[in-house]
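Atom set for the values below is all heavy atoms of this structure, side chains included, hydrogens, waters and symmetry mates excluded. So you know, we letter chains A, B, ... as the sequences are listed, proteins then strands, and number each from 1.
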Protein chains: 2
Amino acid sequence: MKEKEILREHIARHKMKQTRQREIILETFIKIGGHVSAEELYHKVIKRDPSVGLATVYRTLTLLCQSGIAQQQEFGEGKTRFEVVQDYKHHDHLICTKCGKIIEFENCDIEQQQEQVAKTHRFTIYSHKLEIYGLCRECKK
Amino acid sequence: MKEKEILREHIARHKMKQTRQREIILETFIKIGGHVSAEELYHKVIKRDPSVGLATVYRTLTLLCQSGIAQQQEFGEGKTRFEVVQDYKHHDHLICTKCGKIIEFENCDIEQQQEQVAKTHRFTIYSHKLEIYGLCRECKK
DNA sequence: GTTTTTGCAAACCATTTGCAGTTAG
DNA sequence: CTAACTGCAAATGGTTTGCAAAAAC
């Protein structure tokens, strides 16, 4: 798992310490894959190790974002969700406002257009977030 | 101001009441134009009428969203911002992660591509949000 | 051994809510 | 009049923080 390596490196570079909790949280986070809130991740984590605290999950999530493994997302629910960053292929989201389903998609043309926009504004893109809200196939009926 | 008319209609349709506070808050909100947090709007409002409460600002902002005049935005600061909806031309945002500047832009090609994506997923679009993060021209130097 | 990390509980801060008084229709 | 609205203060809920004990190096 390359994420483990990335974290290890980040930890070493910042004279931090490798801990059991961080390892468990990272593994659980990767296994879930996407769109987890801190609370949800916490509940999964304590199934493996009930002694881990919620604060540690928050702190580790922050760490994962700093090291580039995770990324924050806000879908307007009043809480932050976190997602695994997959740098080899970025994806965006179709979000059903009725059932809450989240569909991922990729579209290179959109990314290219973004580059175009950035160029005209002399803006250097680091990342982006595209969310499309509406009704999914089932909820449309 | 067409927003006043929209609100009036929405209020009538839901047997709500036209109040001084709602009028002041709407006017102030429109004047500011974009990317205001509830707290910021509140501070502007109490300059005109110190008796207005923060809770009323929140409640009115909710009302403005329901009537389609305003729209929520979250830029990951831990608080919600609100923006005036301009249905004739939708715009998206370039957000500088260094100085916090927000640049608006429009791009029809991106919108068209989104329609394309939605079609392949049989998804019905109501709205969307595109945020591009990076460095603005000044901060790049 | 020293320094970072942890769990816990308390603190924080944006937002919401209950309520008694006020106001619009 | 009566139902909706308001301001206030208290409650809420996600997230952060201070601290003493525990673990990593």
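- Partners of B:Glu115 by salt bridge (charged side-chain N to carboxylate O under 4.0 Å, His left out), not counting sequence neighbours: none found.
- Rounded to whole Å, atom P of D:dC5 lies 13 Å from atom CD1 of B:Ile25.
- Under the rule for a side chain to side chain contact (heavy atoms under 4.5 Å, CB included), the partners of A:Glu77 that lie at least two apart in sequence or sit in another chain are A:Phe75, A:Lys79, A:Arg81.
- For A:Thr28, the side chain to side chain contact (heavy atoms under 4.5 Å, CB included) partners at least two apart in sequence or on another chain are A:Ile24, A:Ile32, A:Leu41, A:Lys44, A:Val45, A:Arg48.
- Mapping B:Lys15 and B:Val57 onto DNA chain D by nearest heavy atom places B:Lys15 closer to the 5' end of the strand.
- For residues 41-50 of chain B, proximity to DNA chain D is found at no residue, defined as any non-hydrogen atom under 4.0 angstrom from a strand atom.
- Every residue was checked against the side chain to side chain donor-acceptor pair (under 3.5 Å) condition with A:Arg22, not counting sequence neighbours, and none meets it.
- Pairs of residues two or more places apart, or lying in two chains, never qualify as side-chain hydrogen bond (donor to acceptor under 3.5 Å, both in side chains) while including a residue from residues 57-71 of chain A.
- The closest side-chain donor-acceptor pair between A:Glu9 and A:His14, if any, does not fall under 3.5 angstrom.
- Not a single salt bridge (charged side-chain N to carboxylate O under 4.0 Å, His left out) links B:Arg137 to another residue, sequence neighbours left out.
- Under the 4.5 Å side-chain criterion, counting only non-hydrogen atoms from C-beta, B:Ile132 is not in contact with A:Leu130.
- A search for ring-ring contact (aromatic ring centres under 6.0 Å, His included) contacts involving B:His35 returns B:His93, not counting sequence neighbours.
- A:Gln21 places its CD atom 18 Å from the P atom of D:dA21, with the value rounded to the nearest Å.
- Sorted by first and then second residue, the pairs that involve residues 99-141 of chain A and meet ring pair (Phe, Tyr, Trp, His ring centres under 6.0 Å), not counting sequence neighbours, are A:His90-A:His128.
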- Note on the structure: Going 5' to 3' through nucleotides 12-25 of chain C and flagging B where a protein heavy-atom sits under 4.0 Å of the base, S where only the sugar-phosphate is that close, and - otherwise, we get --SBBBB-----BS
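- When the P atom of D:dC5 is taken as reference, atom CG of B:Leu64 falls 13 Å away, rounded to whole Å.
- Taking atom CD on A:Glu23 and atom P on D:dC25, their separation rounds to 10 Å, with Å as the unit.
- Within residues 65-74 of chain A, no residue is approached by DNA chain C to less than 4.0 Å at the level of any non-hydrogen atom.
- Counting to the nearest Å, the P atom of D:dA4 and the NE2 atom of B:His10 are 14 Å from each other.
- For B:Cys65, the side chain to side chain contact (heavy atoms under 4.5 Å, CB included) partners at least two apart in sequence or on another chain are B:Ala70, B:Gln72, B:Phe82.
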